[in-house]
Amino acid sequence: MKWRLLVLQIATPILAIVFGVVIASIIVLAIGRNPLDVFGVLLRFGLLRADSLLSILFKATPLIFAGLAVALSFRAALWNIGVEGQYYIGAFCAAYVGFGIKGLPVAVHLPLAVLAAGLGGMLWALVPILLKLRRGAHEVITTIMMNYIAAAVILYLIADVFRDPSQIGTPRVRTPEFPGSARVPSMGPLLGLLGLTGPDANKVNWLLIFGLVLCVLFTVLLSRTRFGYEVRAVAFNPQAAEAAGIPNARIQFLMFMLSGGVAGLAGLSDVLGFFGYLDIDFPKGLGFLGISIALLAKNNPLGVVLAALLFGFLDRGALGVQFFARVPKEVIVILQALIILAIVVAYELVTRYIRMQRKREAERPATAPAAAAEAGH
Amino acid sequence: MRGMRGVGVLALAMVVVLAITACQQRAQQPAQQAKKFKVGIVYDVGGRGDLSFNDMAFAGLEQAQREFGDRIETRDLEPTAGGENREELLRLLAGENYDLIFGIGFLFTDSISRVAKEFPNVKFGLIDGFVPDLTDASNIVCLLFNEHEGSFLVGAAAALKSRTGVIGFVGGMKIPLIEKFEAGYIAGARYVKPSIRVLSDYAGTTGEAFRDPVKGKELALAQYDRRADIIYHASGGTGIGVFEAAVVKKRLAIGVDADQSLTVKDDQRPQILTSMMKRVDVSVFETIKAFVDGQYKGGYKNFGLAEGGVGYAENDYNKDMIADIKDRLEDLKQKIVAGEIKVPASKAELDTFLKSLPK
C-alpha cells in the first residue's frame with residue numbers, strides 16, 4: 001500500500017499531463033483533426049529544436065518573476081491580483097533610470113535600474129496592503145483597481161511626458177532608448193560556448209539566472225527559516241499565530257512588499273533585456289499569467305520555475321501547431337487553457353486521493369508508526 | 001479509488017481511438033511539386049475577421065494566389081492577442097525558407113528590421129511602417145499610404161452632404177497615423193465648405209482603441225447629439241459601434257480601409273455614405289506581383305490617389321447617395337493628383353492649410 005502511494009505521488013504530474021492531453025484531444029477530434037499529429041508537432045517543434053528550447057527559456061524568464069510574485073503573496077494568504085500593475089510601474093521605473101541617467105558604468109547603472117523596478121513594484125503594492133491592514137479593504141478589489149491606474153499612468157508617462165522626441169511624426173510611442181549600461185547582458189556568448197548561436201540564443205538574458213536564484217532563495221527563506229515558519233503560521237491560522245506572539249500584520253506586510261518587489265521585476269526581461277526602450281505596446285498580461293503559474297506550482301517557488309517553463313513550452317509549441325499542423329489560432333488558445341486547467345484539476349484529485357489514503361492508514365492502529373513517517377511536499 | 005480507475009480506463013480508451021484514427025489518416029500528404037515561391041503574411045493584432053485592415057491584406061494575398069496559383073504558395077499567420085509573438089512568427093516563416101514575408105501594421109517596424117538583418121536573402125514587405133535609410137537593394141519595402149488624400153475626399157463628401165453644418169470624426173488610437181486621417185478629413189471638409197464644423201474624438205490611447213465598439217458607439221451617439229449628421233471613423237473594429245449609432249440615430253457614417261458597405265450588417269448599409277478605401281490589398285498584391293516578376297525593390301512605396309492606393313468607395317448601395325456630388329469629388333481628386341491641392345498629413349500641416357484657404 002505504501003509503495004503504491006509513493007509511486008502514485010511520483011507519477012502525479014505525469015498523470016495530470018496525460019489527463020490534460022486527453023481532454024485537449026477531444027477538442028482536436030471535434031474540429032476534425034488528428035490529435036496525434038497535433039501533439040506530435042507540439043512535441044517535435046517545442047522540444048526537439050534548439051531555437052524552440054531557447055525561445056522557451058526567453059518566454060519563461062518574465063513568467064518566473066510574475067509567478068513567484070503571486071506565489072509569495074498567496075503563501076501569506078494574501079491575494080495579490082495586482083502583479084500586472086506592479087510590473088508596469090516597475091518597468092517604467094527601470095526605464096526611467098535607464099534613459100534618464102547617462103555615463104554610469106554597467107556595474108552601477110544596471111543594478112540601479114533593477115532596484116528601481118523592485119521599488120516601483122513595492123510602491124504600487126504599498127497602497128493596497130496599507131488599505132487592507134489599516135482599513136480592512138479587501139486586497140483583491142484594491143489591487144485590481146491599482147492595475148487600471150497603473151495602465152493609465154504609464155500610458156500618460158510614455159505618451160505625453162517621456163516620449164522619445166526622435167519618434168514624433170511616426171506612429172511609434174515609446175521612451176528614448178537606454179544606453180548599453182542599462183541593458184541586461186545576453187546569455188548568447190555563454191550559450192555560444194555550448195554550440196547554441198543565433199538570434200534565439202541572444203534573446204536569453206541573465207535575468208533568467210537571477211530569477212532562478214530568487215526562487216531558490218525564497219525556497220530557503222520560506223522553508224528553512226523562522227520567518228518562513230511565521231509565514232506558514234499566519235497563513236494557516238492568523239488568530240492562533242497572533243495568540244502565539246507572531247505579529248500577523250507585520251508578516252503580511254513584509255510578504256506583500258516582497259511580492260510587489262518581485263512583481264516589479266517581471267517586465268525587465270523584455271524592457272532591459274530585449275527592447276531597450278519602453279513602448280506602449282510592450283508585453284502585457286504577465287501578471288495574470290503569474291496567477292495561473294502560482295496556482296499550478298502550488299505556490300512553491302521551485303514549482304514556479306517548472307510551471308513557467310511549461311507555459312513557455314505551450315506558447316512556443318502553439319506556434320508550431322499553428323504553422324505546421326495548420327490548426328487555427330483560436331483553437332490553440334483553447335487547447336493551452338484546457339491543458340493547464342486539466343493539469344490543475346488532475347493534480348488536485350490525485351493529491352487529495354493520496355492524502356485520504358494516508359489518513360486512512362494513519363487511523364489504522366496496527367500500522368500507525370509506519371504511516372507517520374511522512375515525506376511532505 | 002473507483003473514480004481514479006474510471007479515469008484511467010477512459011484515458012486508455014481515448015489513446016486507442018486516437019491511435020486508430022492516426023493510422024487511417026497517415027500518408028495523405030500532397031506530393032511536392034516544382035519549386036514555388038513561398039509568400040507569408042503575419043497579421044496585426046485583431047487578426048482575420050476585422051472586416052478592414054487585416055482582411056484587406058488577406059484579399060491581396062488571395063488575389064495573388066488566384067493569379068499566380070501555380071507559381072506561389074501562401075501562408076497567413078495570426079499573432080497572439082497582444083501581438084507579442086509577431087517577431088517569432090516572422091522568424092519562423094523566414095526559417096522555413098519563405099521568400100517574401102509581409103508584416104501588416106506599423107507595430108512590425110522593429111521586428112521586421114531585426115528579422116530582415118538575420119535573413120538577408122528573404123524579402124519583406126511592411127505595411128504602414130517606416131524603417132529609415134532603406135535603398136533599392138534593401139530587403140525591406142515599406143508600403144505607405146496617403147490616407148490623408150483619401151480622407152480629404154470623404155471629408156469633402158461629408159461637408160457637401162451635411163444638412164446641419166456639423167460633421168464628426170471618430171479615431172481609434174490617438175497616434176500620428178490616425179491624426180493623418182483626421183487632418184485630411186478636416187481639410188477636405190473645410191476646403192469645400194469653409195463654414196463647416198468638425199467634431200473630433202478618439203476612442204483611446206492603446207491598441208484596445210481599435211477594437212472597442214462600445215466606446216465607438218458612445219462617442220458617435222454623443223457627436224450625433226451635438227448635431228453632427230455624418231461621422232467618419234478611422235478606428236478599425238471600434239467603427240462597428242459608429243455604424244450602430246448611425247442606425248439608432250438614422251444619420252450617416254463613413255467607413256474606412258475596406259469598402260465597408262459590403263461587409264456590414266444589412267440594416268447598417270443604408271447609413272453608410274461611402275468608405276475611405278485604403279487598398280492594403282493592392283499594395284500586397286503589387287508587391288507579390290513585382291516579386292514573382294523578379295522586379296522586387298526595397299525602399300519605400302507610396303500608395304496615394306494617383307496610384308489607386310486610396311480613394312472613396314462607390315458601390316450598388318451608395319451609388320444614388322453620392323450621385324449628386326460625384327463630379328465634385330472627381331474634380332477634387334484630379335486636383336490632388338495634379339498637385340494643385342496639397343493635402344495636409346498632420347495636425348501642424350492642417351493649421352497652415354486652413355490659414356491658406358480663402359476666407
Side-chain angles (χ1 to χ4, degrees), chain A residues 8 15 18-19 21-23 25-26 28-29 33-37 39-40 45 51 55 59 151-152 155-156 158-160 167-173 198-200 203 270 275 277 279-285 315-316 318-320 322-324 326 328-330 332-333 346 349-350 353 356-357, chain B residues 1 3-4 7-8 10-15 17-19 21-26 40 43 45 47-48 75 77-85 87-89 91-93 95-96 105-107 109-110 114-115 117-118 128-130 132 173-180 204-207 346 348:
Chain A
L8 191 60
L15 275 178
V18 168
F19 183 63
V21 168
V22 169
I23 298 284
S25 300
I26 296 172
V28 176
L29 277 177
R33 306 301 298 275
N34 182 347
L36 286 187
D37 282 353
F39 288 111
F45 179 81
D51 60 347
S55 166
K59 286 167 187 286
L155 266 176
Y156 168 71
I158 299 172
D160 294 323
Q167 297 293 324
I168 287 175
T170 76
R172 309 303 311 277
V173 181
D200 293 288
K203 278 171 83 174
D270 288 298
F275 293 112
Y277 52 77
D279 191 297
I280 51 171
D281 190 45
F282 79 100
K284 306 209 171 66
D315 209 39
R316 175 68 184 182
L319 209 67
Q322 188 190 358
F323 190 82
F324 294 105
R326 295 179 180 248
K329 190 200 72 183
E330 288 75 12
I332 296 167
V333 175
L349 283 179
V350 177
Y353 173 71
M356 219 170 63
Q357 291 295 314
Chain B
M1 191 69 223
M4 288 305 301
V7 171
L10 184 70
L12 197 68
M14 284 298 303
V15 170
V17 171
L18 302 188
T21 44
C23 294
Q24 286 171 339
Q25 289 185 3
R26 275 284 149 76
Y43 295 114
V45 282
R48 283 298 311 286
R75 222 31 234 287
L77 299 174
E78 285 183 40
T80 48
E84 291 86 4
N85 69 351
E87 184 167 332
E88 258 186 305
L89 290 169
R91 192 169 283 127
L92 186 64
L93 285 168
E96 292 301 316
F106 70 84
L107 291 174
T109 310
D110 289 8
R114 273 191 289 265
V115 179
K117 267 195 208 99
E118 293 159 19
D128 274 354
F130 182 84
M173 185 176 175
K174 193 163 172 56
I175 46 174
L177 176 69
I178 302 301
E179 286 175 349
K180 198 168 155 190
T205 44
T206 65
S346 68

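Looking at every heavy atom in both residues, B:R75 comes nearest to A:F323 through NH1-O, 2.6 Å. Pairing each heavy atom of B:M173 with each of A:I280, the nearest pair is CE-CD1, 3.2 Å.
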| query | Going through the distances and angles, do A:D315 and B:N85 end up as a side-chain contact (heavy atoms from CB on, under 4.5 Å)? | reply | CA-CA 9 Å; A:D315 209 39; B:N85 69 351; 5.6 Å; no

| request: Apply side-chain contact (heavy atoms from CB on, under 4.5 Å) to B:E84 and A:K59, showing your working. | output: CA-CA 10 Å; B:E84 291 86 4; A:K59 286 167 187 286; over 6 Å; no

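No more than 12 heavy atoms of other residues, nucleotides or ligands shown are found within 6.0 angstrom of CZ on A:R326.
The contact between A:D200 and chain B is made entirely by side chain atoms (from C-beta outward), counting heavy-atom distances below 4.5 Å. If you measure heavy-atom distances from B:L107 to chain A, the contacts under 4.5 Å come from the side chain alone. For a residue to count as touching a neighbouring chain, one of its non-hydrogen atoms must lie under 4.5 Å from one of that chain's; by this rule A:F39 does not touch chain B. Contact annotation for A:F275: only side-chain heavy atoms (C-beta onward) come within less than 4.5 Å of a heavy atom of chain B. Heavy atoms of B:E179 lying under 4.5 Å from chain A are absent altogether.
Between A:K203 and B:E88 no salt bridge is recorded (no basic side-chain N to carboxylate O distance below 4.0 Å).
In this structure B:F130 satisfies the ring pair (Phe, Tyr, Trp, His ring centres under 6.0 Å) test together with B:Y300, sequence neighbours excluded. Contacts of A:F282 classified as ring pair (Phe, Tyr, Trp, His ring centres under 6.0 Å), with partners at least two apart in sequence or in another chain: A:Y88.
In this structure, the separation between NZ on A:K329 and CG on B:L89 is 10.0 Å, given to the nearest 0.5 Å.
Taking B:D110, B:I178, B:D128, B:V115 one by one and counting their heavy-atom pairs under 4.5 Å with chain A, the maximum is reached by B:D110.
Side-chain contact between B:R114 and A:P199 is absent, with no heavy atoms from C-beta onward closer than 4.5 Å.
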